[in-house]
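Structure first, commentary second.
Since the model is a prediction, treat every value here as computed from it, not as a measurement. Values reported hereafter were calculated over all heavy atoms of this structure, with side chains retained and with hydrogens, waters and symmetry mates removed.
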Amino acid sequence: MRCKNCKEKFEPISFNQKFCFKDECFKAFVEEIKEKTWKETKTRMKTDLKTTQDWLKEAQTVFNRFIRLRDNGLWCISCGLPPKKKNAGHYFSSGGHSNVRFDEDNVHLQCEACNTYLSGNLLNYQIGIEKRIGAEKLIELQGRAHLEKRWTVEEIKEIIKKYKELVRDMK
């Protein structure tokens with residue numbers, strides 16, 4: 001086997017030994033361990049410092065990616081045109097209706113023009129969403145939309161985990 005640092009051949013004592021016993025190689029091994037430990041510590045510290053808002057932002061990103069993949073091949077729910085830039089548009093806004101922020105019935109593929117520049121193009125969105133999910137589900141969605149929801153970090157982490165798995169399975 002060859003040393004990871006000096007590239008010279010050596011006889012390892014254990015199956016996972018990657019460095020020989022020269023001083024400079026041993027120092028390289030210690031530095032590698034320090035770097036690995038620091039990366040793990042830094043990741044843990046970043047996670048510990050995340051606020052609920054940070055977790056919500058991450059969950060929204062993953063959820064929106066799922067919606068774009070789920071609706072891939074469909075046209076904009078509001079204008080009915082093929083989107084140049086795909087957005088995940090909320091019928092009930094995520095800021096004002098926290099209970100349906102991650103509700104799959106509430107979020108559909110929308111073009112950038114309708115979602116951003118026409119503030120969701122809600123009149124046409126209502127027509128499109130009723131065609132997609134049906135009148136009965138739309139009425140249920142309206143009932144859920146007006147309930148207040150305070151997300152816990154654990155609930156948000158579960159949402160992230162769920163939609164990351166779904167995205168991975170869809171790719």
>> What verdict does the side chain to side chain contact (heavy atoms under 4.5 Å, CB included) test give for Cys79 and Cys111, after you've listed the backbone C-alpha separation in whole Å, the side-chain angles of each residue and the deciding distance to 0.1 Å?
In response: CA-CA 8 Å; Cys79 67; Cys111 67; 3.8 Å; yes
>> Measuring from atom NZ of Lys9 to atom CZ of Arg2, what distance do you get when rounded to the nearest 0.5 angstrom?
In response: 5.5 Å
> Nearest heavy-atom pair of Ala59 and Ile156: which atoms, and what distance?
Replying inline: CB-CG2, 3.7 Å
>> Between Thr51 and Asp54, do the side chains contain a donor N or O and an acceptor N or O under 3.5 Å apart?
In response: yes
>> Counting C-beta onward and ignoring hydrogens, is there a side-chain heavy-atom pair between Gln60 and Leu56 closer than 4.5 Å?
In response: no
>> Can you give me the closest heavy-atom contact between Ile67 and Leu109, atom names plus distance?
In response: CG2-N, 4.1 Å
> Are any non-hydrogen side-chain atoms of Asn124 and Asn121 less than 4.5 angstrom apart?
Replying inline: yes
>> Taking salt bridge (charged side-chain N to carboxylate O under 4.0 Å, His left out) as the cut-off, I'd like each qualifying pair that reaches into residues 13-34, sequence neighbours left out, listed once.
In response: Lys4-Glu32, Glu8-Lys22, Glu31-Lys34
> Taking only residues at least two apart or on different chains, which pairs with a member in residues 116-142 satisfy ring-ring contact (aromatic ring centres under 6.0 Å, His included)?
Replying inline: Tyr91-Tyr125
>> Test of understanding: with side chain to side chain donor-acceptor pair (under 3.5 Å), list the residues that count as partners of Arg68, not counting sequence neighbours.
In response: none
>> If we ignore hydrogens and angles and just use 3.5 Å, is the side chain of Ser98 paired with the main-chain N or O of Lys149 as donor and acceptor?
In response: yes
>> Per the ring-ring contact (aromatic ring centres under 6.0 Å, His included) rule, what does the pair list look like for residues 126-162, sequence neighbours excluded?
In response: Phe92-His146, His97-His146, Phe102-Trp151
> Can you tell me how far the CG atom of Leu69 sits from the CG atom of Asn72, to the nearest 0.5 Å?
Replying inline: 6.5 Å
> Which residues satisfy the salt bridge (Lys or Arg N to Asp or Glu O under 4.0 Å) test with Glu35, sequence neighbours excluded?
Replying inline: Lys39
> So how far is it from Cys25 SG to Lys7 NZ, rounded to the nearest 0.5 Å?
Replying inline: 9.5 Å
> Can you list every pair that meets ring-ring contact (aromatic ring centres under 6.0 Å, His included) and has a residue in residues 21-42, with sequence neighbours left out?
Replying inline: Phe19-Phe29
>> Among residues at least two apart in sequence or on other chains, which ones pass salt bridge (Lys or Arg N to Asp or Glu O under 4.0 Å) with Lys57?
In response: none
>> Taking ring pair (Phe, Tyr, Trp, His ring centres under 6.0 Å) as the definition, give me every residue that meets it alongside Tyr163, ordered by chain and number, with sequence neighbours left out.
In response: Phe63, Phe66
> Residues in ring pair (Phe, Tyr, Trp, His ring centres under 6.0 Å) with Trp75, at least two apart?
Replying inline: none
>> Arg144: which residues meet the side chain to side chain donor-acceptor pair (under 3.5 Å) condition with it, sequence neighbours left out?
In response: Asp103
> Would you say Leu122 and Leu118 are hydrophobically clustered, going by side-chain heavy atoms of ILVMFWY under 4.5 Å?
Replying inline: no
> Are Ile129 and Leu141 close enough that some pair of their side-chain heavy atoms sits under 4.5 Å apart?
Replying inline: yes
> How many angstroms lie between atom SG of Cys76 and atom NE2 of His108, to the nearest 0.5 angstrom?
Replying inline: 11.5 Å
> Tell me, which pairs form a salt bridge (charged side-chain N to carboxylate O under 4.0 Å, His left out) where one or both residues lie in residues 160-171, sequence neighbours left out?
Replying inline: Glu58-Lys164
>> For a quick test of reading the model, state the closest non-hydrogen atom pair linking Gln110 to Gly89 and the distance between them.
In response: OE1-CA, 3.3 Å
> Among side-chain atoms of Asn87 and Glu112, is any donor-acceptor pair under 3.5 angstrom?
Replying inline: yes
> What residue pairs, at least two apart or across chains, pass salt bridge (charged side-chain N to carboxylate O under 4.0 Å, His left out) with a residue in residues 126-143?
Replying inline: Asp71-Arg132, Asp105-Lys137
> Just wondering, do Asn115 and His90 contact through their side chains at under 4.5 Å, heavy atoms?
Replying inline: no
> Do Ile133 and Val100 belong to the same hydrophobic cluster, where Ile, Leu, Val, Met, Phe, Trp and Tyr are linked whenever their side-chain heavy atoms lie under 4.5 Å apart, directly or via other members?
Replying inline: yes
> At what distance, to the nearest 0.5 angstrom, does OG of Ser78 lie from CG of Leu123?
Replying inline: 9.5 Å
> Does Gln17 use its side chain to pair, donor to acceptor, with the backbone of Ile13 at less than 3.5 Å?
Replying inline: yes
>> Is there a path of hydrophobic side-chain contacts, each under 4.5 Å between heavy atoms of I/L/V/M/F/W/Y residues, joining Leu81 to Ile127?
In response: no
>> I need the minimum non-hydrogen distance between Glu104 and Arg70, along with the two atoms involved.
In response: O-NH1, 3.0 Å
